Each structure stands twice: as C-alpha cells, then as structure tokens.
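Below: the structure, in structure tokens.
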Amino acid sequence: MNSHTDIRKLLSPYCGGDLPTHERSMVEEHLKKCPACRAILADLQTTLHLVRTTPEIEPPPWMTARIMAHVREQVPRRRLWYQRFFFPLRIRIPLEAAALLVVCLTGYYLSQTVETELKAPRNLQDVPAPAPPAEIPRKKDIRIKPAAPAPEKATHQVRDGKSVDRPAPASSQPPAVPSAQAPVLRSVTQDHAAPATTAAPEPARSAREEKSGIRMLEAAPEMKKKSEKKTMRQDAESGASTPAGRPAGADADRYQPQLILRLTVSDRSTAAEAIRTAAIRSGATIVDDAVLPASRIRLRIPAARMTELFEQIDRIGRLADRPRQQGSAQELDVTIQW
Amino acid sequence: MGADGSDSLDDGALADACRAGDTAAFEKLVMRHQRMLLNVAFRMTGVYEDACDVVQDAFISAWRKIGDFRGESGFATWMTAIVINLSRNRLQQIKQRERRTAYSLDAPLPGSDDERMPDPAGDSPSVLQLLEEVELRQALQRCIEALTPEFREVLVLRDMQDLSYEEVGSVLKLREGTVKSRLFRARDAVRDCVRKAVGAS
C-alpha cells in the first residue's frame with residue numbers, strides 16, 4: 001500500500017494531467033479513502049488554477065517603436081566604395097597624415113621653385129636686364145616681385161614723384177602707372193626696347209632698343225617692375241644671373257639684350273682694377289664702374305669680342321655662369337659683378 | 001492578422017527576411033511576440049519597468065544575432081530563452097538595488113508604524129471574497145517571486161505560458177525529466193506558500 005508521502009508526491013503531476021494511467025488510478029484509489037490528501041489536492045488545484053489564470057499584462061504602447069528605433073540604428077548603411085575605404089580608422093588616419101605631408105611638401109617645393117625663378121638669370125638677347133640703382137638698398141630690390149603689370153614697350157618717367165611722359169623716339173609707348181614702392185621712378189623700358197645710339201645697321205627693333213637706352217642713360221634710378229609672365233619665363237630659361245624685378249641701373253644706358261656676369265674672385269681689393277683692365281683689353285667701353293654698394297662694372301662690348309672678354313675674366317676669377325650668346329646684336333651691354 | 005500579406009507569414013519566413021536586413025519583418029515579429037515575452041519577463045523579475053527593459057534588450061540582441069537563429073526551435077522559443085537569460089541578469093541587479101535601498105535613509109524602518117500593513121478584511125462577505133481573491137493573487141505573486149529562479153522559470157513557462165515540456169526543456173536547455181521534477185516541486189512549494197499566506201491572513 002502506498003504511503004501518504006508517496007501519493008502526495010504524485011498529486012502535483014496528477015492535477016496537471018501528467019501521470020500515466022496506472023499511477024492515476026492508484027492516486028484516485030487513495031484519494032477516495034484519504035480526506036487529508038484530498039485537501040492537499042484541492043489546495044494544489046486552486047493554486048494551479050490561480051497560476052494558470054494569472055491575468056496577463058499588456059506591453060506599453062511605445063514598446064514596439066522604441067525597439068524598432070534601436071534596431072534601425074544598428075542597420076548598417078550601405079557605403080560607397082570610397083566610404084568603405086576610408087571608414088576604418090586605422091586606414092583613414094595614416095592616409096590623412098600622408099595627404100597632409102604631401103600638401104606640405106608640395107607647398108615647400110613650389111615656394112622653392114618660385115624663389116629660384118625669381119632669382120633666375122635672364123636671357124642674353126630677348127630680355128631687358130635692369131641694373132640696380134645706386135640709391136636703393138639691395139635687399140629691397142631683390143624682394144620686389146613682378147606683380148604690378150606695366151604696359152609693354154612703355155617708356156615712363158617719374159621724377160620726384162611727378163610723372164612726366166616722354167614720347168619714345170621710335171615707338172609710341174603708353175605711360176606706365178607709377179609704382180608706390182618706388183620713390184623715384186624713372187624710365188621703364190619693357191621687353192623689346194633696345195639701344196640705338198650706336199646706329200647699328202640692325203632691324204628697327206634694335207634701333208628702338210638703342211634709342212631707349214640713350215634715354216635711360218639720362219634717367220635717374222628707377223624701380224622697374226616686370227609685368228609679363230612671358231618675360232619671367234624667359235628669365236628662368238636664359239641662365240643669366242639677374243634677379244627678376246631688379247631695379248634698373250640709375251645712370252647707365254640700357255643695351256638690349258643685357259648680360260650680367262657674376263664673378264667669384266679671391267681678392268676683392270684688386271679685382272676691380274683687374275676686371276677693368278680685362279674689359280679694356282677685350283675692346284669694351286666702360287660705361288660705369290662706380291656703382292655702389294655693389295662691386296660691379298658696366299661696360300659695352302662688341303658681341304664678337306665676348307669670347308675674348310670671357311677669357312680675360314676667367315684669369316681673374318671663377319665665372320658663376322657663362323650664358324650663351326643669342327640673337328644678332330652687335331653690341332652688348334654687360335655688367336660684371338663680383 | 002492584418003490585410004498585409006507579410007502578416008500571414010510564419011515566424012521562420014519573417015526571420016529569413018530579417019537576416020536579409022528587413023526591419024519591417026522584424027517589426028512584425030516584435031508585435032507578434034512582445035506581449036508573451038513581456039509577461040515572461042514580468043513574472044521573472046516582478047517589476048514592470050525592468051520587464052520592459054528586458055524585452056527591449058532581448059529584441060535588440062535578437063536583431064544582432066538573427067544570423068544565429070537557425071529555426072530548429074521556434075522563434076518564440078528562441079526569444080524566450082533570450083528573455084529568460086536577461087531576466088536572470090536583471091534579477092541580480094534588482095537584488096543589489098533592493099539591498100542598497102534597504103539601508104536607505106529615506107525608507108521607513110522595518111516594523112515601524114510607517115510600514116504599510118495589509119488591510120484587514122471587512123465584514124461584508126462579497127467584499128471578503130473579493131479581498132480574498134486579490135489577496136490570493138498577491139500571495140501567489142509573492143510566492144512565485146520567492147521561488148529560486150530555476151524553479152520559477154519552469155513554473156512560469158509551463159503553467160503560465162503553457163509551453164510544452166519539450167519547449168521548456170529547449171528554452172532552459174534541460175532534459176524533460178528535469179523540467180518535470182522542478183515543475184512539480186515548484187507547484188508544491190507555491191501551494192505551501194499560498195496556503196500559509198492565506199491561513200495567516
């Protein structure tokens with residue numbers, strides 16, 4: 001016979017309908033004779049009924065929306081190929097750093113290139129070479145950039161701040177705008193202006209240049225502004241040694257093309273006399289050798305004797321650059337600096 | 001079921017759509033199962049706000065892990081397992097919270113006059129029966145909450161949510177025999193608890 005304890009263990013599955021048939025009939029047999037176990041079964045059935053009929057709670061109305069809002073946040077957005085490429089930080093940051101470096105290096109390179117271009121020597125034949133004025137400090141001259149455009153073939157004279165137009169002998173040349181940077185602005189001869197005093201049997205262009213040169217001889221120091229990029233490029237290509245935008249010589253006549261030679265000498269004290277002698281031996285006419293503060297001599301020499309001049313100068317010092325002689329000018333305006 | 005064709009899809013088809021990134025399909029699943037899951041969470045945690053958080057976290061977690069759902073068990077069973085796990089964690093947090101508030105300076109001292117006691121029964125029989133019903137349910141809830149989680153889980157899932165033994169075993173990763181054993185012991189414990197609570201009142 002089953003004890004109350006054994007039967008009571010079966011009451012819970014019994015009231016849930018989980019007993020096999022033979023155990024169920026055995027429990028029912030016992031229950032008929034045992035009011036205590038019937039009371040326990042009644043309690044169990046009441047409890048189970050309460051559990052099974054527990055009222056359900058309702059979700060709050062915002063629940064679905066809140067869940068879906070979170071879910072949609074997690075949906076990966078489709079990225080374009082470059083976005084996927086740049087998305088991982090481990091790739092993006094080095095790329096940005098490299099790009100910054102490239103920008104910096106490019107900027108540095110450009111600045112160096114422009115500086116070189118500004119200092120580039122000018123062409124022997126085609127480009128007017130301004131000589132530095134005696135009155136204007138050198139460092140100021142070098143920094144002047146060819147920003148303010150001046151009319152091509154302009155002859156313009158300003159003396160003590162007053163602008164006076166002087167008609168060009170060989171060409172009608174519009175006046176240039178006086179530069180605020182130049183306190184004393186004088187003759188500006190652009191591009192194809194050439195000396196003409198020697199009356200060489202050259203084309204009209206040479207004559208014009210020479211005539212302009214004569215007038216420049218009379219002129220006071222000037223601040224010359226280069227206006228054309230074309231000229232700048234020619235400067236860079238020519239291999240000559242005059243910085244662009246350099247102020248023109250104050251009291252020297254201008255021969256086109258002009259040639260500036262930079263000479264490195266060991267003894268500066270005796271160099272002036274040696275160069276002067278060498279120039280005279282080469283058949284040159286000294287135009288000006290008293291320009292201060294630079295050590296320079298300006299001379300005029302027949303183009304055919306340039307080779308001889310180079311030979312003479314080579315004995316005195318080392319020539320920084322020996323520009324090729326171009327064009328057909330018979331007489332050259334040469335400035336030797338050391 | 002609504003007029004929308006996707007409403008008639010079963011959970012497996014909707015879950016397949018979710019794997020393809022279809023949030024609308026997932027929304028259908030949320031609407032379909034959130035009530036049942038909230039009840040499970042509420043019976044497990046005993047706190048409505050915590051139950052809502054559990055269900056919300058469970059669905060978000062399910063969306064992340066939808067690739068893991070292979071359909072061997074039903075989506076509801078899979079979700080229920082997630083809710084049960086999160087409920088266990090939440091229960092621990094609730095216990096810690098209650099431990100802290102037990103020593104709160106703002107809370108009334110235990111046994112003091114401020115502590116709210118159950119209202120005594122009135123003389124009217126109908127009111128008494130009503131109160132008995134309410135008290136019985138309150139006692140039942142307290143008794144269910146008094147169960148340890150492993151017994152509470154089987155009682156909630158089997159007797160409240162009417163899951164089969166197999167489903168309960170799948171959710172809890174238990175053998176069917178273990179589920180039954182725990183269930184019967186849980187019923188006996190609740191019966192004992194409720195009888196004592198009613199007898200005391």
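Lettering of chains follows the sequences in order, A, B, ..., and the numbering in each one begins at 1. Predicted model only: the values in this text are computed from it and were never measured.
Between A/Tyr14 and A/Leu44 the shortest side-chain heavy-atom distance does not fall below 4.5 Å. Looking at A/Cys37 and A/His4, their side chains come closer than 4.5 Å, going by heavy atoms from C-beta outward. Residues B/Glu27 and A/Val71 are not in side-chain contact: their nearest non-hydrogen atoms beyond the backbone lie 4.5 Å or more apart. Side-chain atoms of B/Ile94 and B/Arg90, non-hydrogen and from C-beta on, do get closer than 4.5 Å to each other.
Highest contact tally toward chain A, considering only B/Val30, B/Leu37, B/Ile144, B/Asp159, is held by B/Asp159 [criterion: heavy-atom pairs under 4.5 Å]. Put simply, of B/Asn39, B/Asp57, B/Leu38, B/Leu155, the one with the most heavy-atom pairs under 4.5 Å next to chain A is B/Asn39. Taking B/Asp192, B/Thr23, B/Asp162 one by one and counting their heavy-atom pairs under 4.5 Å with chain A, the maximum is reached by B/Thr23. Top candidate by heavy-atom pairs under 4.5 Å with chain B, chosen from A/Arg8, A/Arg66, A/Glu58, A/His70, is A/Glu58.
Just one of B/Arg43, B/Lys173, B/Arg88 meets the salt bridge (charged side-chain N to carboxylate O under 4.0 Å, His left out) condition when paired with B/Glu153; it is B/Arg88.
Neither the backbone nor the side chain of A/Leu11 has a heavy atom closer than 4.5 Å to any heavy atom of chain B. Proximity to chain A (any heavy atom under 4.5 Å) is shown, for B/Gln141, by neither the backbone nor the side chain. For A/Leu48, the part sitting under 4.5 Å from any heavy atom of chain B is the side chain, from C-beta outward, and nothing else. Using a 4.5 Å cut-off between heavy atoms, A/Thr46 makes no contact with chain B at all. The contact between B/Leu140 and chain A is made entirely by side chain atoms (from C-beta outward), counting heavy-atom distances below 4.5 Å. If you measure heavy-atom distances from A/Met68 to chain B, the contacts under 4.5 Å come from the side chain alone.
Listed in order of number, the residues of residues 174-190 of chain B that approach chain A to under 4.5 Å between heavy atoms are B/Phe184, B/Arg187, B/Asp188, B/Val190.
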Next item on the list: Show the numbers, then the answer: is there a side-chain contact (heavy atoms from CB on, under 4.5 Å) between B/Leu29 and B/Cys18?
Entry: CA-CA 9 Å; B/Leu29 289 170; B/Cys18 293; 3.9 Å; yes
Walk me through it: do B/Arg158 and B/Val154 pass the test side-chain contact (heavy atoms from CB on, under 4.5 Å)?
-> CA-CA 6 Å; B/Arg158 171 64 188 156; B/Val154 289; 5.5 Å; no
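In this model, no donor atom of one side chain and acceptor atom of the other lie less than 3.5 Å apart for A/Asp6 and A/His30. When only modelled atom types and interatomic distance are considered, B/Gln96 and B/Gln92 share no side-chain donor-acceptor pair under 3.5 Å.
Scanning both residues, B/Ala62 and B/Met79, for their nearest heavy atoms gives CB-SD, 3.4 Å.
In this structure, B/Glu166 places its CD atom where only 12 or fewer heavy-atom neighbours from other residues, nucleotides or ligands lie under 6.0 Å away.
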